Amino acid sequence: MKNVKYLQCIECGKTFKPEPGRYICDVCGPKLGILDVIYDYEYIKSKASKETFANNADYSIWRYEPFLPIEENGPKPKLRVGWSPLYKPEKLAKEVGLNNLYVKDDGINPTGSMKDRASCVAVAKAMEENADVICCSSTGNAASSCAGNAASVGIKTVIFVPGRAPLGKVSQLKIFGANVMSVQGSYEETFKLSADAIEQNGWYNRNAAINPYLVEGKKTISLEICEQMNWEVPDWIVFSVGDGCSIAGAYKGFLDLYNAGFISKMPKVAGIQAEGCAPLAHAWQEKREWHQEAENTIADSIAVGVPRNAIKALRAVSESDGVWETVTDDEILDAMRFMGKNAGVFGEPAGCAGMAGLRKLVANGVIKKDETVACAVTGNGLKDTANAIKAAGEPMKVEPTAEGLKKALKEIGY
Ligand SMILES: *Cc1c(COP(=O)(O)O)cnc(C)c1O
Ligand SMILES: [Zn+2]
């Protein structure tokens with residue numbers, strides 16, 4: 001990896017060689033000693049420019065190889081991840097109260113969420129290291145993306161999910177041939193169990209935050225947003241937050257582009273959490289350290305009581321002069337209908353939490369009408385149909401007769 005200088009602990013600043021098996025800073029430990037990938041921006045500039053991107057026909061995250069911590073032309077999983085559409089839905093923008101609103105629909109990724117960006121980099125790293133098993137714990141989407149991307153190259157997976165994970169997500173895992181452990185406990189307990197299994201067996205570790213390459217995969221969403229906006233930078237980016245890797249990755253993407261001279265300003269970052277599980281947003285609002293919270297929300301993908309990447313997530317918001325906001329489950333369900341009806345985009349609850357938060361931030365005057373906003377939809381609505389039905393209701397029942405039809409049409413105003 002000629003483009004990577006070293007890995008650096010975000011707590012103590014100690015640097016490490018990016019060797020196989022290196023995940024965290026051993027001085028600071030797994031809670032604090034999260035590593036950042038530090039690049040040689042001069043080297044990146046020698047390999048990539050706006051022109052090379054314009055001429056690159058690879059419409060997947062691998063078009064950004066010079067910005068990724070992988071071996072040049074090294075082995076890669078086979079699914080097509082990334083280059084998701086960046087919509088500019090006018091009706092939606094008007095309803096939200098913005099002049100320039102972009103929606104990045106990452107639910108169209110191969111396994112249906114933004115997690116594919118992280119997982120395909122993790123699988124590429126596992127392939128570089130000749131690992132034969134990849135293990136992860138997840139609320140669902142990290143798991144299914146890990147299993148799917150690993151399956152694309154025949155690598156085995158052992159996946160720990162909390163018992164509450166929606167059936168749609170668990171069924172994906174089973175279809176991808178994963179060994180699934182449905183842990184009858186919280187996400188925190190699920191995470192601990194996977195960490196023990198990894199340590200006992202030496203498996204490749206695809207756990208949030210612990211693996212420094214995951215954020216690097218996730219940052220490609222921002223490289224895409226910039227390129228799709230013709231290298232303009234939005235004033236705000238809005239992301240829902242659980243562990244904090246997605247928002248940290250999104251921020252890192254802009255930072256790397258900035259440091260490599262592709263853009264000349266940084267966006268402000270808005271982090272959105274569910275009111276029933278918002279350890280980071282509450283800490284920011286109350287100006288104190290974060291502490292563990294219960295996991296009380298329908299948005300299972302962001303129901304994370306002990307965020308694994310709290311430091312990087314908090315840093316992304318504070319360094320960018322951004323904000324945190326919380327949204328209730330009702331506001332999330334409303335945002336699902338709102339986005340479906342006004343933009344044709346169907347997100348799962350955590351996927352629409354960002355939009356729910358954006359509506360509040362505009363209503364409260366934090367985000368101004370003429371500011372440009374890119375809001376991410378991080379997961380597909382088909383992942384969790386039970387909550388979609390909760391949001392949108394059951395269909396009207398119609399008797400198969402002329403009378404039945406007449407009655408039904410009258411109901412909808414015809
Ligand atoms: C994982 C996930 C998030 C949040 O990402 P974190 O890195 O956990 O903060 C948001 N939405 C969806 C759909 C996810 O799967
Ligand atoms: Zn350290």
Side-chain angles (χ1 to χ4, degrees), residues 7-16 23-36 104-107 109 111-119 136-146 161 165-166 168-169 172 187 191 207-212 214-215 217-219 221 238-252 269 271-274 277-281 295 297 299-314 316-317 324 332 336 346-357 375-384 387:
L7 306 175
Q8 183 166 36
C9 175
I10 59 172
E11 179 70 11
C12 73
K14 192 168 183 243
T15 63
F16 299 90
Y23 294 107
I24 55 164
C25 167
D26 18 52
V27 182
C28 301
K31 274 247 153 69
L32 296 172
I34 311 257
L35 302 179
D36 230 351
K104 180 75 168 161
D105 185 10
D106 240 35
N109 275 302
T111 76
S113 83
M114 180 179 166
K115 296 292 191 301
D116 279 331
R117 297 180 184 273
S119 288
C136 94
S137 80
S138 154
T139 53
N141 288 336
S144 42
S145 71
C146 180
V161 293
K169 297 183 179 182
Q172 263 187 312
Y187 177 47
F191 191 93
N207 270 342
I210 300 293
N211 184 325
L214 302 177
V215 160
K218 286 193 165 174
K219 85 182 176 191
I221 194 169
V238 183
F239 279 81
S240 55
V241 178
D243 271 312
C245 297
S246 301
I247 198 168
Y251 181 69
K252 180 74 168 4
V269 179
I272 313 299
Q273 294 208 284
C277 186
L280 302 179
E295 297 171 352
T297 170
D300 66 288
S301 301
I302 52 170
V304 182
V306 182
R308 293 286 143 192
N309 222 341
I311 301 173
K312 277 193 192 177
L314 290 165
V317 171
W324 289 92
I332 290 173
M336 287 173 70
F346 183 18
E348 64 166 274
C352 295
M355 178 54 65
C375 182
V377 177
T378 46
N380 196 298
L382 290 174
K383 291 259 188 183
D384 184 357
N387 273 314

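Counting convention: from 1, in listed order, for ligands and their atoms alike. Residue indices begin at 1 and follow the sequence shown. In this text the structure is predicted, and so the values were computed from the model without any measurement.
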### Task
Report, rounded to 10°, the angle at the Zn ion (ligand 2) between the two atoms SG (C12) and SG (C28).
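That angle is 110°.
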
### Task
May I have the angle between C25 SG and C9 SG with its vertex at the Zn ion (ligand 2), rounded to 10°?
110°

### Query
Quick one: are L35 and C25 in side-chain contact, heavy atoms under 4.5 Å?
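Yes, their side chains come closer than 4.5 Å.
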
### Query
Can you find a heavy atom in the side chain of F191 that is under 4.5 Å from one in the side chain of D243?
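Result no, sub-4.5 Å side-chain heavy-atom pair not found.
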
### ligand 1-proximal atoms of I247, by part, heavy-atom distance under 4.0 Å
neither

### Task
Could you tell me whether M114 approaches ligand 1 through its side chain, its backbone, both or neither, with non-hydrogen atoms closer than 4.0 Å?
neither

Nearest protein heavy-atom contact for [atom]: which residue, which atom, what distance?
atom                    : value
atom 8 (O) of ligand 1  : D243 N, 2.8 Å
atom 5 (O) of ligand 1  : S246 OG, 2.7 Å
atom 10 (C) of ligand 1 : S240 OG, 3.3 Å
atom 2 (C) of ligand 1  : K115 NZ, 2.3 Å

What atoms in ligand 1 come closer than 4.0 Å to a heavy atom of [X]?
X    : result
G242 : 4 (C), 6 (P), 8 (O), 9 (O)
V241 : 9 (O)
I302 : 3 (C), 4 (C), 10 (C)
N141 : 13 (C), 14 (C), 15 (O)
C245 : 6 (P), 7 (O), 9 (O)
G379 : 13 (C)
K218 : 7 (O)
G244 : 6 (P), 7 (O), 8 (O), 9 (O)

Return the minimal non-hydrogen interatomic distance between [X] and [Y], and the atom names on each side.
X    : Y    : value
P349 : N387 : CG-CB, 3.8 Å
V161 : A143 : CG1-CB, 4.1 Å
S138 : N141 : OG-N, 3.6 Å

Taking [X] for its side chain and [Y] for its backbone only, find out whether a donor-acceptor pair lies under 3.5 Å.
X    : Y    : result
Q273 : L280 : yes
D36  : Q8   : no
D105 : G107 : yes

### Query
Only one of K115, K383, K169 clears side-chain hydrogen bond (donor to acceptor under 3.5 Å, both in side chains) with S144; which?
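Among the candidates, only K383 passes.
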
### Query
Within the structure, does E348 bring an N/O atom to less than 3.5 angstrom of an N/O atom in ligand 1?
no

### Message
Pairs of nitrogen or oxygen atoms closer than 3.5 Å, one from S113 and one from ligand 1: do any exist?
### Response
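So ligand 1 has no N or O lying under 3.5 Å from an N or O of S113.
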
### Message
Out of L280, T378, D384, who is nearest to atom 12 (C) of ligand 1 when you count heavy atoms only?
### Response
T378

### Query
To the nearest 0.5 Å, how far apart are CD1 in I210 and OG in S137?
9.5 Å

### Task
Among D300, L382, N380, find the one that has a side chain to side chain contact (heavy atoms under 4.5 Å, CB included) with E348.
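Testing each of D300, L382, N380 against E348, the sole residue satisfying side chain to side chain contact (heavy atoms under 4.5 Å, CB included) is D300.
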
### Task
From the options I221, V269, I302, select the one residue that forms a side chain to side chain contact (heavy atoms under 4.5 Å, CB included) with F239.
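So the option named by the test is I221.
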
